[in-house]
Amino acid sequence: MMGLLNWLDDRTGIRGIIHETLYERVPGGARWRYVWGSTLAFTFFVQLVTGFFLWTAYSPSSLTAWESVYYIQHEMTGGWLLRGIHHFTAQAMIVLMVLHVFQVVIDGAYKAPREINFWLGLVLMLIVLGLSLTGYLLPWDQKGYYGTKVATEIAQNTPLVGSTVQQLLVGGSDYGHQTVSRFFALHAGLLPALMIGVLGLHIALFRRQGLTAKDPDRKPDVYFWPDQLLRDVVACLAVLAVILFFCVRGAWSEPETTGVVATLGAELGSPADPAVDYSAARPEWYFLFLFQFLHYFGKDQQVMASIVYPSLVIVILFLMPIVGRWKLGHRFNVVFLFALLLGVVYLTGRAIQADYYPPIAPAKPSQEDGVAMSDWKKEYDQWEKEYQHYTTFQKGSKYEKWKSHRAVELAEQGIPAGGMLELLRNDPKTQGAVLFKTYCAGCHTHTAADVDLPPGHEFTSATPTGANLYRFGSYEWIRGILDPQKIVTSDYFGATEAHAEGEMVGYVVDDMEIDDADLVNVAHALAADADRPDREPVGEDLLEAGRTTIVEEGCVDCHQYGDEGDLGSAPDLTDYASRQWLIDLVSNPAHERFYEYVDDGRRMPAFHDSPDDPAQNILRQEDVELIVDFLRGDWYRSKHGRAATPPPAAAADAEAAQRADAAAAQPADDDVEPAAAGKPEEATTGEADAEAQ
Amino acid sequence: MNDQESTGEAAAEPDIPQRRNFFAGLVTIILGAIAGLVPIGAGLAVLFDPLRRRNQDGRNQSGGDFVRITTLKMVNADGLPQRFPVIKDRVDHFSRFPEMPVGMVYLRQTGPDEVVAFQADCPHLGCKVDFLPQREQFSCPCHASYFELDGTRIGASPSPRSLDTLDVEIRTGDAGEAEVWVRFEEFKTGEATKISK
Ligand code: FES
């Protein structure tokens, strides 16, 4: 053994190296305050290790980046932990770096002969910031995409070189494949290599110049090994413990909503979609102050605020060793640093406050005072803007949260070659709602009185001109239109131009002579034909009775129903509200099966009435189907977590019982675990906490 | 490494003629530079490819042609703006996506046959602006830029210019329906004037 060591030492001088490494002098004895540098080196080591392993599973392109990160996070053993450690260690690094800089400046460790090492340290800091910036984009989720987009747009505003730099970074003028691959090359290639080089120099110089002892005569000197190293190792473990805590805290701070491990480790948003905006776009928390800073500058000051001032701060930091030669200069440096920190904390706090805490409306002045009144108006206007900012952010992040869960749910089926976006764009629960908003919500509402709809599923209007289509075709909806009190409300025909005073309303309100029990049966019979996925089965005898009522009690005087009645004076009741019926209606309501008898101007538009000439249609066939499936609640349901079939129906005879059932059946429509269905507020708060960190 | 060693040796043995060493050094540097520059040059060529491509195409892939957005009937008659997706083929380097949403526009009817179109991207740093019906204003959720109904920027907004208007054409489709066509373009952010990307 000894012989082998001698042989090795002979050729490499290994003993000397080890000795030099371990027997560094620590003047004044080992101290806890010397550990920060080591913890930083440790976090960098953690990033190299976890980064390498993430690399083995990551696939950088705009079609596979999110998908491979999803796979790491939700499918691979320990993936969430690996990703979590990498993510939170990056944040720890920033915090430790700030501590390190403060300590160095306060202790005056940047003064001669350590100037160069201080500069190397600042270079390291810039590299670390670069690593965070590039890393934020790599999961290719909405928040990384839009957060980074703002950063590269800022880069573009740099005088002279901006545009070129941006093009090179982004790999073209639009974000795409090469944006991912270029950011990845920086993040995993160039920047770490630079970091290793500069860190090596930094440590070598540090060793050469020795520790800046706080008070060297406090205690007798010791060697680095083992006294100081022990403290360093303990500190590193403590840092690791904090990181691990953040990795697992999701397990108890937030309800599980999807049945998969979605809340452990780092967050993964929904896949980046250039066509879907993300109104909660924010940079990582440690860049929030820069984001907030921009708010305070007018249009002519933007380049100053986003580029010049931040660069000035960095220049001042670099000048510190020179300024610090004078006694006053050192004081200035320390004060400057604290002022900077204060400013950063304030701006970060303001940004978080604006996003997470609703502003308080100013009280209206009590007496009729013109001045006070106009002041109040100004304040009120300001408040309204801030409130808008707050709700927009809250709504945006809530929707994004929901959508990211939905994406994970959908990904259970396997992701097609076109990527996750393809899956989301074909999901009625996501895309159907988006289409409904653009093409239907101008007239129709989609809102429930008794349940919380998922974010992005609620559409209200102060002035609707169409019916509320929430659960259209369900027993409850159909029963409602047959109710003289309800049919005249804006949930049904009350707000429509064509039907408010139409024959159906007249009939239901004045002439209908069907008793309640029969109406229940009629509604069940029609709902059975509509066959929504969330329909609760009822007995065949009730359905039969309902069908008989429809034929015998006068419905077929106006409507066609199977072989009975004729088309032309009212919509076809055959397979009413079924998938095909709805597709046909939305495609062409002017067909004789539907509203041919209504005047052109008062009928809803035909969205797909030229199947032979696709360019003529407002919507593509697929889009019509997405809207219809959205209305019918006909979408993929997760295999995890919740029962596939709704709870068995209670007796269907009493109206009251039906109402209660309807309420009980709602979560099925909501598609979330019952336990979580009632708690969207809590989920948001949990997220708020996570992001505030 | 070798360089260092040889200079080290040269210093140790001053009796070797200086001249020869000077030439050898020069040649070493030139050859070394060539050896190093070839791979770096090839690399830079690829790195700078997006710039060359941009100059060739003149404009980015999203600029240019008129795109059919919707029918005139779908645009609110009350003059309040509405958001519509812009659907066209999208090319992302080696991938081609037929008929994909590539952006958003706001359409606003200002007369019986008149529609104004705004690019939904904020001229400040490119976030998508919202329309606030209560205030009848556009607002940007990122750094609080506000715009009037007609797109004019309001007071203290960080946005350097008003919302970008896009050219609109009302065309008649084969079935006789009036359609809204928009020349969809993206513009540089942070500039006081509209400059195509
Ligand atoms: S991006 Fe719109 S205000 Fe900054």
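By convention in this document, chain letters (A, B, ...) are assigned in the order of the sequence lines, proteins followed by strands, and residues within each chain are numbered from 1.
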Gap separating the [atom1] atom of [X] from the [atom2] atom of [Y], nearest 0.5 angstrom:
X: A:S61; Y: B:D92; atom1: OG; atom2: CG; value: 8.0 Å
X: B:E191; Y: A:S163; atom1: CD; atom2: OG; value: 8.0 Å
X: A:Q388; Y: B:S139; atom1: CD; atom2: OG; value: 6.0 Å
X: B:E177; Y: A:N617; atom1: CD; atom2: CG; value: 10.0 Å
X: B:T189; Y: A:N157; atom1: OG1; atom2: CG; value: 5.0 Å
X: A:I618; Y: B:E179; atom1: CD1; atom2: CD; value: 9.5 Å

Seminar exercise, completed: Sequence neighbours excluded, the answer for ring-ring contact (aromatic ring centres under 6.0 Å, His included) partners of B:F131 is B:F138
For this session: List in chain and number order the residues that pass ring-ring contact (aromatic ring centres under 6.0 Å, His included) with B:F97, two or more places apart in sequence or in another chain; answer none if no residue qualifies.
Result: none
Portion of [X] that has a non-hydrogen atom of chain B nearer than 4.5 angstrom:
X: A:Y390; answer: neither
X: A:Y146; answer: side chain
X: A:L63; answer: side chain
X: A:F291; answer: both
X: A:E384; answer: both
X: A:S279; answer: both

Exercise. Where is the tightest heavy-atom contact between A:A275 and B:M104, given as atom of each residue plus distance?
Worked result: O-CE, 3.0 Å
So, do [X] and [Y] sit near enough that their side-chain heavy atoms are less than 4.5 Å apart?
X: A:Q302; Y: B:P158; value: yes
X: A:P605; Y: B:M74; value: yes
X: B:F94; Y: A:Q178; value: no

Exercise. Is there a side chain to side chain contact (heavy atoms under 4.5 Å, CB included) between A:Y278 and B:K128 once you walk through the steps?
Worked result: CA-CA 8 Å; A:Y278 175 42; B:K128 299 255 191 304; over 6 Å; no
For this session: Would you please test A:V150 and B:H143 for side chain to side chain contact (heavy atoms under 4.5 Å, CB included) and show each step?
Result: CA-CA 11 Å; A:V150 170; B:H143 316 95; 4.2 Å; yes
For chain A, which candidate among [options] shows the most heavy-atom pairs at distances under 4.5 Å?
options: B:H124, B:K73, B:M100; answer: B:H124
options: B:R161, B:R135, B:R153; answer: B:R135
options: B:C142, B:P133, B:P85; answer: B:C142
options: B:P141, B:S145, B:G126, B:G190; answer: B:P141

For this session: Could you tell me whether the side chain of B:H93 and the main chain of A:G171 form a donor-acceptor pair under 3.5 Å?
Result: yes
For this session: Please check if atom OH in A:Y387 has more than 12 non-hydrogen atoms from other residues, nucleotides or ligands closer than 6.0 Å.
Result: no
For this session: Please say whether more than 12 non-hydrogen atoms of neighbouring residues, nucleotides or ligands are located less than 6.0 Å from NZ in A:K395.
Result: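 No, because the 6.0 Å sphere around NZ of A:K395 holds 12 heavy atoms or fewer from other groups.
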Exercise. Can you pull out the residues in residues 34-48 of chain B with any heavy atom less than 4.5 Å from chain A?
Worked result: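 The list, in residue order, reads B:V46, B:L47, B:F48.
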Problem set entry | Options A:Q292, A:E153, A:H177, A:H295, ranked by heavy-atom pairs under 4.5 Å with chain B, top entry |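 Heavy-atom pairs under 4.5 Å are most numerous for A:H177.
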Exercise. Any idea which of A:Q301, A:K149, A:H389, A:R425 has the most non-hydrogen atom pairs under 4.5 angstrom with chain B?
Worked result: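 Highest number of heavy-atom pairs under 4.5 Å: A:R425.
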For this session: Begin with the C-alpha distance, continue with both residues' side-chain angles, and end with the deciding distance and a verdict on side chain to side chain contact (heavy atoms under 4.5 Å, CB included) for B:C127 and A:D277.
Result: CA-CA 7 Å; B:C127 294; A:D277 55 330; over 6 Å; no
Exercise. Chain B contacts: which residues in residues 430-442 of chain A have a non-hydrogen atom closer than 4.5 Å to it?
Worked result: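 The list, in residue order, reads A:T438, A:Y439.
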Exercise. So B:R90 and A:D174, salt bridge (charged side-chain N to carboxylate O under 4.0 Å, His left out) or not? Walk me through it.
Worked result: CA-CA 11 Å; B:R90 195 168 83 84; A:D174 296 323; over 6 Å; no
Exercise. Checking heavy atoms, do the side chain of B:R68, its backbone, both or neither come under 4.5 Å from chain A?
Worked result: side chain
For this session: Go through the steps to decide whether B:E99 and A:R620 satisfy the test side chain to side chain contact (heavy atoms under 4.5 Å, CB included), and finish with yes or no.
Result: CA-CA 10 Å; B:E99 293 206 4; A:R620 300 172 303 169; 3.2 Å; yes
